[in-house]
Structure formats: C-alpha cells, structure tokens
Amino acid sequence: MLKGRLKKYKRLLGDSAWSIFGLVLMNAVAQVVVFPLYARRFGDVGYGELQYLMAYVNIFTVSVGCAANYARMTAPAGARAENSGDYNLFLLLVSILGLPITLAVRYFGGVLMDFPTYVCYYLLFVAMAFRYYADVAYKITLNYRRYFVYYLTVAIGYAVGAVLVWQTGIWPLGLLVGEALGVVMAYVSCPQLSKHGLTRSSLWRRTFSLIATLLVAEGVANLILNVDRILLKLLLGASAVTVYYLATLLGKTMSLVAVPLNGVLIGYLARYDGKLTRRTMRGIALGSAVLVLVGTAVCALGGYLMLFLLYPAELEMTRRFLWLGSLAQVFYFTTSMIMVVLIRFAKKSYQIYINAVFGVSFLALGIPATLLFELWGFAVAMVIAAFLRWCVALYLGFYHVRRNIYDPDGIMTA
C-alpha cells in the first residue's frame, strides 16, 4: 500500500516537473527576452501603454480559454470524448466577438494603434483564447512530456516574435507567433481537439452552461488581475503602469506557473472518487499560509534581482513597491490553487462568490485609495483585496466540508 502511494506521488511530482519546466521556459523567454525588449524599444511610456492594451486581451482571452479548459476537464469522461466541437464552436464565437471588442479598444482606449498593429492585436486575441484552452488535450491524456514540448514550441515562437518586433515595431508579434504555434501544434498533434470540428453535440447546452458559469468566475478574477494596468493608466498615467507591473513581475510569473500545476492537480482530482475532508482543508489552510510567506520573500528578493539585471533604468522607482506587489500576487495565485480543489469537490458557483468578493473589495478600496494616495494606496488596496479572496476561499472550503458531514436533519453522520 505504501509502495503504491509513493509511486503515485512520484508520478504526480514528475508530471508537475514537466509542466513547470515547460511553463518556466516559455515565461523565461517572455520575461527575459520579449518584455525587456519592449521596454528598450518603446521606452517607459510605450511599455506602459502596451501592457495596458494587453490587459484587455488578457481579461477576455485567458478567462474564455481557462473556462473552456476547466469545463472540459471536469466533464464526465464520455462527454469529454464526444463534445469537442462544442468547445471549438464556443471559442469561434468568442473570436468573432473579439472584433468589436478590439476595435473599441483601438478607437476609445486612449492609445494610438496603426492598422498593421491592430490586425496583429486582434489575431493575438484569437490565438490566446484558443491557446489557453488547447492544452486541455495533454491534461486529459496525462501526456505531460508532450505538454513540455508544447510550451517549448510557444517559447521558440516568442523568440522569433521578438526578432520581428525589433525589425518592424509591431509589438503584438512578440507574443502572437508563439501563441499561434502553440495552437497549431495542439490541434495537429491531439485529435481530441479537432475530431468533431465545429459540430454541436447533443450536450451542447449543458456544455455552454458550464463554460458560462466558469467564465463568470474566471472573468472576475482576470478582470481584477489585469485591472491594475487599466486603472493606473486612466488615473495615474502609463508610467505608473510600468512601475507597478515591474513591481509585480515575478509574482505574476509565479501566478502563471500555477496554471500547469492547477492542470496537473485537476487532472488527478477528476479521477479521485473520495471527498474533501476537514483534515484536508486544515492542511490546505496551513500549507497556503506557509506558501504566502515563503512566496512573498522569494518574489520580492527575486524581483529586485530581475529588475537589477533586466530593467536597471526602472529599478529606483520600482523597488519601493516590490514587497506589497509581491504579497498581493502570491495571495492571488495561492487562492487560485485552492479554488481548483473547490471546482472539483464543491459547487461551481463558489468560484463566482470568491472572485466577486475580491472584485467588490478591490474596486471599493482601490479607486479612492489611488486617488488619495496614488500608487501606494493602489498597492495596499490590492493586498487587502487579495487577502480577503484567500480568506473567502478557505471559508467556503470549510463550509462545504461542514455541510457534507451533516445529514438532511442536521445530525452529524461522519
């Protein structure tokens, strides 16, 4: 029995390692090559403006792609095999909707975009929506070595895109090439994605309903995760976007590393027939608290080193915000991992409640704090909102356990 458990955990750690290596490699190219090149090519203001424009893309595409991804992972095994066309159709509809969204950003977003840049900006919107969904094929099959190759392909595309940006000045190309290559690889190598094309299944209404529920939750989360760039651009200007983005750079990168970990975790949880227990929730609470403390120290100290090496011109104005920015981001991605457990065992609507508390608390505090205390007020408001999100996620986990150990008459049964 012990040998079987050790083998299981060894495999889990191995799967996690392949996922992390792949995603770290992809983000290393993005953070070490693409984004520093942006700063040198476009300057502080230009860098802040393109990060502001990326916020709109991230809010929609990451939300849509992750919602479709989680919906398919948590669907019954039979449905996962037969209704791939439902997900492709949903993503296609979102891609069409992206046209008026990106046009609105172009004309009313407050940042000039020439036509070639806009076309690449829209194509990046489409590619990212599909890319955040497409890795579900590797999670379903638990083929994490191919998962690594998938991220390697995206990383190579980022490097090629960086060269194109330097030559053309069209900044979306820095990410577009990698995102597009990732989508092509996934759909070509994984028949689970393209088998039914755009054909609706008999379960399409249920599929769309599940995606919509998760989309609301993911949308609120990604809105708050990216709204820092939007609010700071509108309230304080593009330079403030640059400062806070760089202050949270390593924390945001760790948030992205949590994505494949969540994928591995949900892949195994989908096959687990047990229940969420009070003992497990206590372990999650303690472990997440330790992760917040350790993660914040790593992100703040590592962020200082990253700024020193890659963004020396911005170091002085950014270093003051490293600890607050890192704390907010670590609270954020730690809570996201807890929410993956709740997706599997608790009501899907809990995701909405958690992120709604986050959104309301941040907006209620963030806007007045920014107007009164500028970037310091904004940074503190983000920490408070992220802390409340963590507390609510833990509370709902314990609440779910408590409900499940009482029978309908309110008498404890386990």
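Everything quoted here is computed from the prediction, not taken from an experiment.
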Side chain to side chain contact (heavy atoms under 4.5 Å, CB included), paired with Phe358, selected from Tyr332, Phe331, Phe387 | Tyr332
Does Thr248 reach the main-chain N or O of Tyr245 with its side chain, forming a donor-acceptor pair under 3.5 Å?
-> yes
Pro172 side chain near Leu123 side chain, heavy-atom distance below 4.5 Å = no
Close side-chain approach of Leu310 and Gln31, heavy atoms under 4.5 Å = no
Lys233 vs Gln51, side chain to side chain contact (heavy atoms under 4.5 Å, CB included): CA-CA, chis, key distance, verdict | CA-CA 10 Å; Lys233 170 66 169 63; Gln51 289 293 350; over 6 Å; no
Can you check whether Ile211 reaches Tyr87 side chain to side chain, under 4.5 Å on heavy atoms?
-> yes
Of all heavy-atom pairs between Asp44 and Thr242, which one has the smallest distance, and what is that distance?
-> O-OG1, 2.8 Å
Using modelled atom types only, decide if a donor and an acceptor are shared between the side chain of Tyr121 and the backbone of Trp171 within a distance under 3.5 Å.
-> no
From Leu231 CG over to Met382 CE, what is the distance, rounded to the nearest 0.5 angstrom?
-> 8.5 Å
At their closest point, which heavy atom of Ala127 faces which heavy atom of Ala180, and how far apart are they?
-> CB-N, 4.2 Å
Report yes if the side chains of Tyr151 and Asp135 come closer than 4.5 Å at any heavy-atom pair, otherwise no.
-> yes
Distance-minimising heavy-atom pair for Val401 and Arg278 | CG1-N, 3.4 Å
Close side-chain approach of Thr334 and Ser336, heavy atoms under 4.5 Å | no
To the nearest 0.5 Å, tell me how far Ile354 CD1 sits from Trp390 CH2.
-> 13.0 Å
For the atom pair CG (Leu307) and OH (Tyr304), what is the distance rounded to the nearest 0.5 Å?
-> 9.0 Å
Side chain to side chain contact (heavy atoms under 4.5 Å, CB included) between Arg72 and Asp86, intermediate numbers included | CA-CA 10 Å; Arg72 191 165 185 188; Asp86 298 341; over 6 Å; no
Taking it one step at a time, do Leu53 and Arg229 satisfy side chain to side chain contact (heavy atoms under 4.5 Å, CB included)?
-> CA-CA 9 Å; Leu53 293 172; Arg229 309 180 212 182; over 6 Å; no
Taking atom CE of Met185 and atom CD1 of Ile156, what is their separation to the nearest 0.5 Å?
-> 10.0 Å
Taking all heavy atoms of Leu342 and all of Gly397, pick out the closest pair and write down the distance.
-> CD2-CA, 3.7 Å
Crowding at CG, Leu372 (>12 non-hydrogen neighbours, <6.0 Å) = yes
Side chain of Tyr132, backbone of Ala67: donor and acceptor closer than 3.5 Å?
-> no
Check whether the side chains of Thr102 and Tyr118 place a donor and an acceptor atom closer than 3.5 Å, and report yes or no.
-> yes
If only atom types and distance count, is the side chain of Tyr244 paired as donor or acceptor with the main-chain N or O of Ala379 below 3.5 Å?
-> no
From SG (Cys120) to CD1 (Ile170), nearest 0.5 Å = 5.0 Å
Ring centroid separation Phe130 to Tyr133 under 6.0 Å | no
With the side chain counted from C-beta on, respond yes when Tyr311 and Tyr47 share a heavy-atom pair under 4.5 Å apart, and no when they do not.
-> yes
Would you mind reporting whether His400 and Tyr350 have side-chain heavy atoms less than 4.5 Å apart?
-> yes
Please work out whether the ring planes of Tyr56 and Tyr52 are parallel, tilted or perpendicular, with thresholds of 30° and 60°.
-> perpendicular
For atom OH of Tyr187, is the number of surrounding heavy atoms from other residues, nucleotides or ligands below 6.0 Å larger than 12?
-> yes
Start with the C-alpha gap between Trp376 and Leu324, add the side-chain angles, then the distance that decides, and say whether side chain to side chain contact (heavy atoms under 4.5 Å, CB included) holds.
-> CA-CA 9 Å; Trp376 281 109; Leu324 283 176; 3.8 Å; yes
Nearest-0.5 Å distance that lies between atom CG in Leu396 and atom SG in Cys391 | 11.5 Å
Backbone N/O of Glu314 and side chain of Thr318: donor-acceptor pair under 3.5 Å = yes
What's the shortest heavy-atom distance between Ala247 and Leu322, and which atoms?
-> O-CD2, 3.5 Å
Min side-chain heavy-atom separation Arg320-Leu375 under 4.5 Å = no
How far apart are the closest heavy atoms of Val330 and Leu291, and which atoms are they?
-> CG1-O, 3.7 Å
